[in-house]
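Only a predicted model underlies this, so the values are computations on that prediction, with no experimental measurement involved.
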Amino acid sequence: MTAARVGAHAACLGLALSFACASAPPPATSASTASKTVAAPAAPPPSADSAATASAVPGRETPDAPFRQLAPPAGPEPTFKPPKPKRFKLKNGLEVMLVEFHDLPLVDFNLMIKTGGAANPPDRAGLADLTAHMLDEGTKTRGALVIAEQIASLGATLSTGSTWDASNVSLSTLSRNMDEALKVFADVVVNPAFDPKEFERVRDNLLTAITRRKDSPPTVANLAFTRLLFGQKHPYGWPMAGVEASIKKVTPGDLRAFYDKYYRPNNAALLVAGDTTEKALRKKLEAAFAKWTAKGGAAPKLPAPEGASPATRIFLVDKADAPQSSIRVGLIAIERKNPDYFPVTVMNLILGGGFYRLDLNLREGKGWTYGARSTVDSRRAPGPISAGGEFVALHTADSVAEILKELASMRDADVTDVELARAKDQIIKSFPARFATRGNVAAQLAELAVFGLPDNYITDYTKKIAAVTKDDVRRVARKYLDPNRLTIVVVGDRKTLAEPLAKLAPVEDRDLDGNPLTSGP
């Protein structure tokens, strides 16, 4: 072995020079692995003179090593200014909000109809969603395949969908193809055919998907939870996509009636983000939507929820021999425009909206789940707040008890300074990501339009989050996390769960749809 090689070998033995060891040869192979790897022949031991020489050689050091030993000082806190939209209206009453971006030749359109699943009749659950999904399945002049081919040839994308509060049609296109893409987009919005043949195909696919839901315990738990929380007479008590019985009742005539009543320009907003100007866009939109006229009527007033528990109860849905249990614990919380939205957002994040209390307890501490979460779904009317997840069956009752303890802790004690600072920091610093793409920007504008929020809502969002205090968090926790009227849904093996769950709260048996079990003859 050369003197230089001996020096490198000696340097690797010193902890202070561990960085230099990265290029050292691997250790000799042990006897247990000799059959797989041929060990290098052992090197002769270094002489005393060579070892002394090596120890005198200073370790190699990169010129900037001292710099790397200290973290650079923090710079000024970056600021983010959300884009401010330009607003104008078309002659037919359609509200338009535009944010210009000229760095890339792309434009995104998001048409929001301000009516969604909340307008479904009690016996037509899924009507709004099915209406939205039928829009691009053919118009009076274009079939479904023609629409798909024309959009693809333009390098554009077109999609439809719905939420509880709105229905939408979105388009993303190259700015140079905007005129042609707008023709297809407007045709889909203004002239849907609701062709019976296409309707049968779409409905059959939907029914197949609905049938498969009962094979998923988490899905069963979600659907049963909302049914039990809102009741059967409230639209929120049914799945957005409907159930088998309701979808089988829907006809093309029902879709047409829903469309004629709610799909009108004075009940809509068009959100645009991208490479265009107000002057050019206004002219194109006036031409594209000239035949879309105001009509229709107002959405029905939502009934009061009838399913919310007057007292905490556990509803047990049997999934025989299930190795894990799906748990949902919650109640009805707030509407989107409620001033408590900001402290509730912070409270929920600390409870389980991210890797916080529920995960630290039930995943990291107990090891009973891959993840426990809490959510707040704020809609035009008060939506649900829930906590839960999927838990190992053996600890189902224990998991419910721990979730109840975490809810009680949010009410009975202040969050820590560290928790509050971390949660607010996470929300505030992730806020700019909501504007990362043109589609993201259009989605943020849609929130303003659908919920009737002012433009400064976006610019003031982080300020209102930053202003939340520990007292605010505890106040909303005590207001909205009432331990005496929780709805608790457990989907799991009844024969092993009924008895331990009954020690926590009264237990009622339900079927896979959340309905009371009927007794035999």
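- When ring centroids are compared, Phe435 and Phe80 come within the 6.0 Å threshold.
- A donor-acceptor pair under 3.5 Å is absent between the side-chain atoms of Asp493 and the main chain of Pro323, judged by distance alone.
- Asn92 contributes a side-chain N or O that, together with a main-chain N or O of Trp292, makes up a donor-acceptor pair within less than 3.5 Å.
- Between the side chain of Glu95 and the backbone N or O of Asn266, no donor-acceptor pair lies under 3.5 Å.
- Using modelled atom types, one finds no donor on one side chain facing an acceptor on the other under 3.5 Å when comparing Tyr461 with Gln444.
- In this structure, Arg363 forms no cation-pi arrangement with Trp368, as its terminal cationic atom is not both closer than 6.0 Å to the ring centre and no more than 45° off the ring axis.
- A donor-acceptor pair under 3.5 Å is absent between the side-chain atoms of Lys233 and the main chain of Pro122, judged by distance alone.
- Side-chain contact between Pro483 and Leu407 is absent, with no heavy-atom pair separated by less than 4.5 Å.
- Checked by atom type and distance alone, the side chain of Asn456 never pairs as donor or acceptor with a backbone atom of Thr459 at under 3.5 Å.
- Arg328 and Asn222 share a donor-acceptor pair across their side chains, judged by distance under 3.5 Å alone.
- Not one N or O on the side chain of Ser170 forms a donor-acceptor pair closer than 3.5 Å with the backbone of Asn110.
- In the displayed structure, Phe355 atom CZ is contacted under 6.0 Å by more than 12 heavy atoms of other residues, nucleotides or ligands.
- Ring centers of Phe194 and Phe199: at least 6.0 Å apart, outside the cut-off.
- Taking OG1 of Thr173 as the reference point, atom CG of Leu182 lies at 8.0 Å (rounded to 0.5 Å).
- Counting only heavy atoms from C-beta outward, the side chains of Val184 and Ile147 approach each other to under 4.5 Å.
- Side-chain contact between Arg380 and Val450: present, with at least one pair of heavy atoms (C-beta onward) separated by less than 4.5 Å.
- Checking Asp254 against Thr251 by side-chain atom types alone, a donor-acceptor pair falls below 3.5 Å.
- Thr396 and Ser325 share a donor-acceptor pair across their side chains, judged by distance under 3.5 Å alone.
- Take Asp482 and apply the side-chain hydrogen bond (donor to acceptor under 3.5 Å, both in side chains) test, not counting sequence neighbours, and it matches Arg485.
- A salt bridge between Glu508 and Arg510 is present, with a side-chain N of the basic residue lying under 4.0 Å from a carboxylate O of the acidic one.
- Here the side chains of Leu223 and Arg213 are in contact, with some heavy-atom distance below 4.5 Å.
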Output side-chain donor-acceptor pairs under 3.5 Å for residues 329-340, partner residues at least two apart or in another chain, one line each.
{"from": "Arg336", "atom 1": "NE", "to": "Glu447", "atom 2": "OE2", "distance (Å)": "3.0"}
{"from": "Arg336", "atom 1": "NH1", "to": "Tyr457", "atom 2": "OH", "distance (Å)": "2.8"}
{"from": "Arg336", "atom 1": "NH2", "to": "Glu447", "atom 2": "OE2", "distance (Å)": "2.5"}
{"from": "Arg336", "atom 1": "NH2", "to": "Tyr457", "atom 2": "OH", "distance (Å)": "2.3"}
{"from": "Asn338", "atom 1": "OD1", "to": "Asp340", "atom 2": "N", "distance (Å)": "2.8"}
{"from": "Asp340", "atom 1": "OD1", "to": "Arg475", "atom 2": "NH1", "distance (Å)": "3.1"}
{"from": "Asp340", "atom 1": "OD1", "to": "Arg475", "atom 2": "NH2", "distance (Å)": "3.1"}
{"from": "Asp340", "atom 1": "OD2", "to": "Lys479", "atom 2": "NZ", "distance (Å)": "3.2"}
{"from": "Asp340", "atom 1": "OD2", "to": "Tyr480", "atom 2": "OH", "distance (Å)": "2.7"}

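- Looking only at atom types and distance, the side chain of Asn205 has no donor-acceptor partner in the side chain of Thr208 under 3.5 Å away.
- When atom types are taken as modelled, the side chain of Arg411 and the backbone of Arg478 share a donor-acceptor pair closer than 3.5 angstrom.
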**Message:** Would Lys183 and Glu180 count as a salt bridge (charged side-chain N to carboxylate O under 4.0 Å, His left out) here? Give the steps.
**Reply:** CA-CA 5 Å; Lys183 291 178 182 178; Glu180 292 303 313; 3.2 Å; yes
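- In this model, no donor atom of one side chain and acceptor atom of the other lie less than 3.5 Å apart for Asn191 and Thr139.
- Looking only at distances, no side-chain donor or acceptor of Asp511 sits under 3.5 Å from a matching main-chain atom of Leu517.
- The main-chain N or O of Val220 is never found under 3.5 Å from a side-chain atom of Ser326 such that the two would form a donor-acceptor pair.
- A 4.5 Å side-chain heavy-atom check between Val400 and Ile488 finds at least one atom pair inside the cut-off.
- Under the 3.5 Å distance criterion, the side-chain polar atoms of Ser374 are matched with a main-chain donor or acceptor of Gly352.
- To the nearest 0.5 Å, atom CG of residue Leu111 and atom CG of residue Leu94 are 6.5 Å apart.
- For the atom pair Asn267 CG and Tyr262 OH, the distance stands at 9.0 Å (nearest 0.5 Å).
- Here the side chains of Phe230 and Pro384 are in contact, with some heavy-atom distance below 4.5 Å.
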